[in-house]
Amino acid sequence: MADAQGLIADLDDDLAESGEDIVLRRVVGTLPNTVNVDVTVRAVVRSYQPDELINGITQTESLVIISPTQIATAQWPGGELPSSTVANPSLPRKGDKAVIAGRVRNIEVAQPFVVEGELVRIEMRVLG
């Protein structure tokens, strides 16, 4: 099995070759004083296949795969410390947005994949 750094490098190469740029967005503050905190990341975006439409997944949802590289480089979302309910504030989470091909979509679930204690990949289910 490859080490964590090798897995990240392989994913980054694959995303550079066959991915697309999307924007992760976290809205911070309270109305009317909200601010969008954005980071552009490479991603693979695909529809769920018919046999994957289980456990509440619908045809209006997409699977988005990203690397942690651009998030870490940008220190996204910045200024937010871990809390008792959020172990890693840099992980996308329910309520965050993904801007894909100009369309703002809601992140429903973000699943981190960790190897040797290091985040190597994030898969998200987005709706909208």
Side-chain angles (χ1 to χ4, degrees):
M1 184 168 138
D3 69 341
Q5 288 300 313
L7 292 170
I8 294 169
D10 289 347
L11 178 58
D12 287 342
D13 289 345
D14 290 345
L15 292 173
E17 183 177 313
S18 58
E20 63 184 277
D21 285 342
I22 70 166
V23 173
L24 289 181
R25 174 171 292 160
R26 180 161 298 156
V27 180
V28 297
T30 55
L31 288 172
N33 300 314
T34 59
V35 175
N36 293 336
V37 180
D38 293 352
V39 62
T40 300
V41 298
R42 291 294 287 178
V44 169
V45 180
R46 72 166 180 82
S47 300
Y48 283 95
Q49 302 304 308
D51 62 328
E52 296 174 306
L53 300 178
I54 56 172
N55 297 328
I57 296 173
T58 66
Q59 289 179 325
T60 60
E61 295 178 88
S62 297
L63 172 67
V64 177
I65 300 169
I66 62 173
S67 164
T69 300
Q70 290 91 16
I71 292 171
T73 299
Q75 298 181 352
W76 182 82
E80 190 173 340
L81 299 174
S83 70
S84 60
T85 58
V86 179
N88 183 347
S90 69
L91 283 175
R93 60 186 182 222
K94 184 172 177 67
D96 287 344
K97 310 293 182 195
V99 183
I100 302 169
R103 190 165 129 211
V104 179
R105 303 180 70 186
N106 296 313
I107 296 173
E108 295 296 311
V109 176
Q111 174 67 48
F113 290 84
V114 176
V115 173
E116 299 172 348
E118 188 167 352
L119 179 63
V120 298
R121 171 186 179 125
I122 303 165
E123 292 187 7
M124 302 181 297
R125 195 171 77 195
V126 300
L127 177 64

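Heavy atoms only: backbone and side chains are in, while hydrogens, waters and symmetry mates are out. Along the sequence shown, residues are numbered consecutively beginning with 1.
For Glu118, the side chain to side chain donor-acceptor pair (under 3.5 Å) test picks out Gln5, with sequence neighbours left out. The side chain to side chain donor-acceptor pair (under 3.5 Å) search around Glu108 returns Lys94, not counting sequence neighbours. When the salt bridge (charged side-chain N to carboxylate O under 4.0 Å, His left out) test is applied to Glu123, the partners found at least two apart in sequence or on another chain are Arg121. Evaluation of the side chain to side chain contact (heavy atoms under 4.5 Å, CB included) rule for Asp12 yields Ile8, Ser67, Thr69 as partners, not counting sequence neighbours. Applying the salt bridge (charged side-chain N to carboxylate O under 4.0 Å, His left out) test to Asp21 and every residue at least two apart in sequence or in another chain returns Arg42.
Side-chain contact check for Pro77 versus Val28: every heavy-atom pair is 4.5 Å or farther apart. In this structure, Arg125 and Leu63 have side chains that are not in contact, with every pair of non-hydrogen atoms separated by 4.5 Å or more. The shortest side-chain heavy-atom distance between Val120 and Pro112 does not fall under the 4.5 Å cut-off.
Among residue pairs with one or both ends in residues 62-79, none qualify as salt bridge (charged side-chain N to carboxylate O under 4.0 Å, His left out); sequence neighbours excluded. Sequence neighbours left out, the pairs with a member in residues 27-41 that pass side-chain hydrogen bond (donor to acceptor under 3.5 Å, both in side chains) are Arg25-Asp38.
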- Message: Working note: Glu20 + Val45, criterion side chain to side chain contact (heavy atoms under 4.5 Å, CB included); need CA distance, chi angles, decisive distance, verdict.
- Response: CA-CA 8 Å; Glu20 63 184 277; Val45 180; 3.8 Å; yes
- Message: Show, in sequence, the C-alpha distance, side-chain angles and deciding distance for Ile71 and Val41, and conclude whether the side chain to side chain contact (heavy atoms under 4.5 Å, CB included) test is met.
- Response: CA-CA 7 Å; Ile71 292 171; Val41 298; 4.2 Å; yes
- Item | Val126 and Val109: CA distance, side-chain angles, deciding distance, side chain to side chain contact (heavy atoms under 4.5 Å, CB included) verdict | CA-CA 7 Å; Val126 300; Val109 176; over 6 Å; no
- Item | side chain to side chain contact (heavy atoms under 4.5 Å, CB included) between Thr73 and Val39, intermediate numbers included | CA-CA 10 Å; Thr73 299; Val39 62; over 6 Å; no
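Not one N or O on the side chain of Trp76 forms a donor-acceptor pair closer than 3.5 Å with the backbone of Ser90.
With hydrophobic clusters built from ILVMFWY side chains whose heavy atoms lie under 4.5 angstrom apart, Leu91 shares a cluster with Ile107. Put simply, Val23 and Val44 are part of two different groups of oily side chains (I, L, V, M, F, W, Y) that touch within less than 4.5 Å, one to the next.
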Show me the donor-acceptor pairs within less than 3.5 Å that the side chains of residues 97-105 make with the rest of the protein, sequence neighbours left out.
| unit_1 | atom_1 | unit_2 | atom_2 | d |
| --- | --- | --- | --- | --- |
| Lys97 | NZ | Asn106 | OD1 | 2.5 |
| Arg103 | NE | Gly128 | O | 3.4 |
| Arg103 | NH2 | Gly128 | O | 2.1 |
| Arg105 | NE | Gly128 | O | 2.6 |
| Arg105 | NH1 | Ser62 | OG | 3.1 |
| Arg105 | NH2 | Thr60 | O | 3.3 |
| Arg105 | NH2 | Ser62 | OG | 3.0 |
| Arg105 | NH2 | Gly128 | O | 3.2 |

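What you find for Glu116 and Ala4 is that their closest heavy atoms are OE1-N, 3.3 Å.
Other residues sharing a hydrophobic cluster with Val27 under the 4.5 Å side-chain heavy-atom criterion for ILVMFWY residues do not exist; the residue is a singleton.
Between Leu24 atom CG and Asp96 atom CG the span is 7.5 Å, to the nearest 0.5 Å.
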